[in-house]
Protein chains: 2
Amino acid sequence: MDGCVRTVTRGAVAEEIRLTPTSYIVLGLLDLAGEATPYELKRMVAAGIGNFWSLQHAQLYTETARLAGAGYLDEEQERSGRRRKLYRLTKRGQAALRGWVATPTDQFTELRDLALLKLFFGAEPKALAAEQLPVHEAKLAEYERLRSQGPADAAPTGPRLALESGIGHEREWVRFWRRLADG
Amino acid sequence: MDGCVRTVTRGAVAEEIRLTPTSYIVLGLLDLAGEATPYELKRMVAAGIGNFWSLQHAQLYTETARLAGAGYLDEEQERSGRRRKLYRLTKRGQAALRGWVATPTDQFTELRDLALLKLFFGAEPKALAAEQLPVHEAKLAEYERLRSQGPADAAPTGPRLALESGIGHEREWVRFWRRLADG
DNA sequence: TTCGCCATGTAATAGGTTACATGATTGC
DNA sequence: GCAATCATGTAACCTATTACATGGCGAA
């Protein structure tokens, strides 16, 4: 009834894989949680990082399996009931995550905003702004509420800094669409 | 030698497809150009829209073929030399583009920035900022140069507005990373 | 004239999205 | 005790990226 009987698969390296941002999200969250099922990961994503980098829940099942197959995760499966799979980092997984975090990147991220694409190709600015403005205002309000909940740290953490960045960009979006809405 | 002899394939609808942002970029650029080969589209992308929504060049070959197969484009192929393919919008393609442009979207775009992801998972802010700051400063300078080249229109066009938005977000990135670099 | 780079294109792979499917839980 | 909803998982499809491949042109 409690899933104590499990099948354990330890760090066998069946194949080489390429680690994607999705991979590092899984590794990073498992590092925070110690161990988790894909479903728990899904909830962790929703709780924080999903705000600026969301994932399909299906992705968490395939990605954990893929990482386990390549030796980055240990996998443990319940023999009863749901046969849930529980994952945790291997040494290899920890090393991969640490190395990635420790390596700064100069990668540039494009906006890739659908509304902007329409605007580019001649969409009516006011109509677009009327749709976009409330969305970004709501998102901004949500972020600011999140920020007010967190502790007023002297030393901001990673998630906190990411949130600050999100707020800055949302303010920019609001400014931009408001100008078009009013213009 | 000049490819006058061509094979023409007219708007046959072989299959239904789903139109993606990539599809609309192709449709939109063909609308601007009248007609173009995939390679010419590649150059058009590089000249403007690629700044905030870039494409792999291979994508332009597969996407044009896909759109032609679904009746959104006419395809004309040289019989000589390079056997280049020349595409133009069909009525159906024009209608699809117009409908898309005319429909505002409330879709929200995530940041999905790799550096921010690393920051979230504990990367050293100063080291990251040292990599990111020059990249964003350079991009901002490029955008501002682009803006200064364009005419000082009374009525800004779509591309111009998209550029303004890009400038706003780059300023935000510069502000953000500068603070971490100095902090 | 040949080396190297840009032009132009195709093929293979893989990551991500969508759709589907069943087990548990809660409320009525 | 039934319906509805949430939890949990798998399968299929398809777009996008990567890798590969050849042709033409300019420079040395």
Side-chain angles (χ1 to χ4, degrees), chain A residues 1-3 6-7 14-27 36-47 50 53-70 72 75-87 107 109-110 112 114 117, chain B residues 1-3 6-7 14-27 36-47 50 53-70 72 75-87 107 109-110 112 114 117:
Chain A
M1 86 194 343
D2 68 283
R6 292 166 184 281
T7 303
E15 54 176 333
E16 295 300 311
I17 61 172
R18 198 171 301 235
L19 297 179
T20 68
T22 301
S23 311
Y24 291 110
I25 291 175
V26 168
L27 294 175
T37 67
Y39 189 74
E40 288 167 341
L41 290 177
K42 175 195 161 177
R43 277 184 305 182
M44 292 182 75
V45 168
W53 200 310
S54 71
L55 304 176
Q56 242 46 41
H57 83 275
Q59 189 80 3
L60 292 169
Y61 293 89
T62 54
E63 189 60 23
T64 43
R66 203 172 77 99
L67 288 171
Y72 295 93
E75 179 180 305
E76 203 170 312
Q77 181 166 27
E78 296 175 359
R79 311 294 297 267
S80 66
R82 276 305 177 91
R83 317 200 81 227
R84 283 192 203 86
K85 288 177 181 164
L86 194 62
Y87 293 94
Q107 182 169 321
T109 302
E110 295 164 2
R112 288 186 172 251
L114 197 60
L117 199 56
Chain B
M1 89 205 326
D2 68 281
R6 293 165 185 282
T7 303
E15 52 176 333
E16 294 302 310
I17 61 173
R18 198 173 301 235
L19 296 179
T20 68
T22 301
S23 312
Y24 291 110
I25 291 175
V26 169
L27 294 176
T37 67
Y39 190 74
E40 288 167 341
L41 290 177
K42 174 195 161 178
R43 278 184 306 182
M44 293 181 75
V45 168
W53 200 309
S54 71
L55 303 176
Q56 242 45 43
H57 83 276
Q59 189 80 4
L60 292 169
Y61 293 90
T62 54
E63 189 60 24
T64 43
R66 203 171 77 99
L67 289 171
Y72 294 93
E75 179 179 306
E76 203 169 312
Q77 180 167 27
E78 295 176 358
R79 312 294 297 266
S80 66
R82 276 307 177 88
R83 318 200 81 226
R84 284 191 203 84
K85 288 176 182 165
L86 194 62
Y87 293 95
Q107 180 167 323
T109 302
E110 295 165 3
R112 287 187 173 250
L114 197 61
L117 199 56

In whole angstroms, how far is the [atom2] atom of [N] from the [atom1] atom of [X]?
| X | N | atom1 | atom2 | value |
| --- | --- | --- | --- | --- |
| R84(A) | dA7(D) | CZ | P | 11 Å |
| L60(A) | dT8(D) | CG | P | 13 Å |
| E40(A) | dC6(D) | CD | P | 19 Å |
| K85(B) | dA7(C) | NZ | C1' | 16 Å |
| R43(B) | dA7(C) | CZ | C1' | 9 Å |
| K42(A) | dA7(D) | NZ | P | 6 Å |
| L86(B) | dG9(C) | CG | P | 10 Å |
| Y87(A) | dT8(D) | OH | C1' | 12 Å |

Within a strict 4.5 Å, meaning less than it, do heavy atoms of the [X] and [Y] side chains meet?
| X | Y | result |
| --- | --- | --- |
| T37(A) | Y87(A) | no |
| R112(B) | P21(A) | no |
| Y72(A) | L19(A) | yes |
| R66(A) | S23(A) | yes |
| L41(A) | L55(A) | no |

Of all residues at least two apart in sequence or in a different chain, which pass the ring pair (Phe, Tyr, Trp, His ring centres under 6.0 Å) check with Y39(B)? none

Does any N or O in the side chain of E110(B) come within less than 3.5 Å of the main-chain N or O of S54(A), such that one atom is a donor and the other an acceptor? yes

Helix axis bend for the helix from dT1(C)-dA28(D) to dC28(C)-dG1(D) - C1'-based end axes, five pairs, 10° rounding: 20°

Which heavy-atom pair separates P38(B) from K85(B) by the least distance, and what is that distance? CD-O, 3.3 Å

For dG9(D) and Y61(A) - does any side-chain N or O of the residue sit under 4.0 Å from the phosphate oxygens OP1/OP2? yes

So which protein N/O to nucleotides 15-19 of chain C N/O distances come out below 3.5 Å?
{"from": "dG15(C)", "atom 1": "OP2", "to": "R66(A)", "atom 2": "NH1", "distance (Å)": "2.7"}
{"from": "dG16(C)", "atom 1": "OP1", "to": "T22(A)", "atom 2": "OG1", "distance (Å)": "3.4"}
{"from": "dG16(C)", "atom 1": "OP2", "to": "T22(A)", "atom 2": "OG1", "distance (Å)": "3.4"}
{"from": "dG16(C)", "atom 1": "OP2", "to": "Q59(A)", "atom 2": "NE2", "distance (Å)": "2.4"}

Let me confirm one number: the CG-CD distance from L114(A) to Q107(B), rounded to the nearest 0.5 Å. 5.0 Å

Which residue, S23(B) or P38(A), contacts DNA chain D at a nucleotide closer to its 5' end, judged by nearest heavy atom? P38(A)

